[in-house]
Amino acid sequence: MADAIFASARAEDPLAALSRVPEGALAIITHVEGPSYRPVGAMMAVSPDGARIGMLSSGCIDGDVALHAAEAMTDNQPRRLRYGAGSPFRDIELPCGGGLDILILPRPDRAVLARAVAAREARKTISLVVEPDGRLMEAPTGGASTGQEGDRFHLCLTPDLRFLVFGRGPEAATFAAFVRSAGWSIEAFSPDPESLLGSGAVVTTLARPTMPDVAVDPWTAIVLFFHDHDWEPEILKGALATDAFYIGALGSQRARRLRSARMRDLGVSEADIARARGPVGLIPSARDPRTLAASVLAEVLGEAQRIEF
């Protein structure tokens, strides 16, 4: 049963997989020295037969971690491993240098895992803590950020990024397809839904230029792809009243100036107008839909990396 779940969910959240099986171990990066492929808090789930979901490296240590996870499940004792600088495993090298500390928790509390999964699905933050004896517990609301604190390790889990896309035509469709192919959640709104066919996104018809009644949280990015810029001011006004971490619109510098003037007429503050990015993307004057989509997605992800949620 466990092996079947692991085999069918290679890209799934390790916590979600472990919450549904009776046996398994959770491996977590608890400390990083120097460059690292994965950050502190990265997780990997290991089944009793060594199947894995998630990754802790580019492949240099994951197999060995799975072997130690099997041992931990045998004696039901946590493991604390060191790879790289200062490691006793001299035959295992980290190509990027530095050092990694890994904590392995055999049979973590499934009820705690289920609550963590439910919180993330509800797009809420949740904090977990690993006690010195290896017990995984839910931490009080507003707990510490991810990292070691004394003899406890804190794991702050936040929702995945989510995208709301507004617009029509190949630019909107290509961007939506890029986001979908990367596995992020996306909702699209368009006055011309047929123009987004093939994007993989569920498209809602936008009958008039206004922000729809849709939940927006601090892990949401809102991007507008309209060539008819008359659609933008009202949508942006509504978007700027939300907690979205990124809000941007397609168009030239001239389009931005006209858009900003219209938003002033609508009573939008200068501070909010400044939040709306445009022209969007890291590549100036990108005209090919694929180049533009990659450029905008890179800008959104860069902003997500910059912000401490």
Side-chain angles (χ1 to χ4, degrees), residues 1-32 38-57 61-83 100-160 183 217 219 309:
M1 173 66 174
D3 297 344
I5 289 176
F6 272 64
S8 64
R10 287 185 299 172
E12 189 184 355
D13 177 1
L15 298 183
L18 284 176
S19 71
R20 300 201 308 269
V21 297
E23 297 286 326
L26 181 65
I28 310 169
I29 296 179
T30 59
H31 182 67
V32 170
R38 300 281 282 144
V40 171
M43 295 175 285
M44 181 175 75
V46 183
S47 74
D49 75 337
R52 309 189 296 265
I53 294 177
M55 56 177 54
L56 304 179
S57 72
I61 68 168
D62 292 355
D64 190 67
V65 171
L67 295 176
H68 287 282
E71 295 174 357
M73 283 184 275
T74 298
D75 61 19
N76 207 35
Q77 295 297 315
R79 296 289 193 276
R80 291 172 172 82
L81 310 175
R82 173 74 176 189
Y83 293 95
L100 286 178
D101 290 335
I102 309 295
L103 173 62
I104 299 176
L105 305 178
R107 301 177 180 85
D109 190 320
R110 292 173 65 195
V112 173
L113 296 177
R115 288 197 296 272
V117 172
R120 297 185 78 178
E121 289 178 348
R123 300 197 61 77
K124 298 178 180 178
T125 60
I126 185 170
S127 292
L128 306 181
V129 62
V130 182
E131 296 291 344
D133 60 4
R135 287 177 300 144
L136 182 67
M137 303 178 66
E138 184 176 349
T141 302
S145 58
T146 295
Q148 197 74 34
E149 187 176 271
D151 55 1
R152 292 176 172 83
F153 180 76
H154 288 263
L155 191 62
C156 182
L157 304 174
T158 58
D160 285 338
D217 55 41
W219 302 275
F309 290 117

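Counting heavy atoms from C-beta on, the side chains of Val21 and Ser47 never come closer than 4.5 Å. Looking at Pro159 and Lys124, their side chains never come closer than 4.5 Å, going by heavy atoms from C-beta outward. Between Pro106 and Glu71 the shortest side-chain heavy-atom distance does not fall below 4.5 Å. The side-chain heavy atoms of Leu56 and Leu100, taken from C-beta on, include no pair separated by under 4.5 Å. The closest side-chain heavy-atom distance from Leu136 to Leu113 is below 4.5 Å.
Listed here is the closest heavy atom pair of Ile126 and Ala116: CD1-CA, 3.8 Å. Closest heavy-atom contact between Gly147 and Val40: CA-CG1, 4.4 Å. Residues Gly24 and Pro108 approach most closely at O-CD, 3.7 Å, considering heavy atoms.
Under the side chain to side chain contact (heavy atoms under 4.5 Å, CB included) criterion, Ala16 pairs with Glu12, Asp13, Arg20, Val117, sequence neighbours left out. Residues passing the side chain to side chain contact (heavy atoms under 4.5 Å, CB included) test with Met43, sequence neighbours excluded: Pro14, Leu15, Leu26, Ile28, Leu155, Leu157. Checked against side chain to side chain donor-acceptor pair (under 3.5 Å), Asp64 has the following partners two or more places apart in sequence or in another chain: His68, Tyr83.
Using modelled atom types and a 3.5 Å distance limit, the side chains of Asp101 and Thr30 yield no donor-acceptor pair.
Of the possible donor and acceptor atoms, one in the side chain of Arg38 sits under 3.5 Å from a partner among the backbone N and O of Met55. The backbone N or O of Leu105 sits nowhere less than 3.5 Å from a side-chain atom of Arg107 that would complete a donor-acceptor pair. Arg82 places no side-chain N or O within donor-acceptor distance of the main-chain N or O of Ile102, the cut-off being under 3.5 Å. Listed for the Thr146 side chain is a donor-acceptor partner under 3.5 Å among the backbone atoms of Cys156.
Rounded to the nearest 0.5 angstrom, Leu103 CG and Ile29 CD1 are separated by 11.5 Å. Ile104 contributes atom CD1, which lies 8.5 Å from atom CE of Met73 (distance to the nearest 0.5 angstrom). The distance from the CG atom of Leu128 to the CE atom of Met137 is 10.5 Å, given to the nearest 0.5 Å.
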### Message
Walk me through whether Arg135 and Asp109 qualify under salt bridge (charged side-chain N to carboxylate O under 4.0 Å, His left out).
### Response
CA-CA 8 Å; Arg135 287 177 300 144; Asp109 190 320; over 6 Å; no
### Task
Evaluate side-chain contact (heavy atoms from CB on, under 4.5 Å) for His31 paired with Gln148, printing each intermediate quantity in order.
CA-CA 8 Å; His31 182 67; Gln148 197 74 34; over 6 Å; no
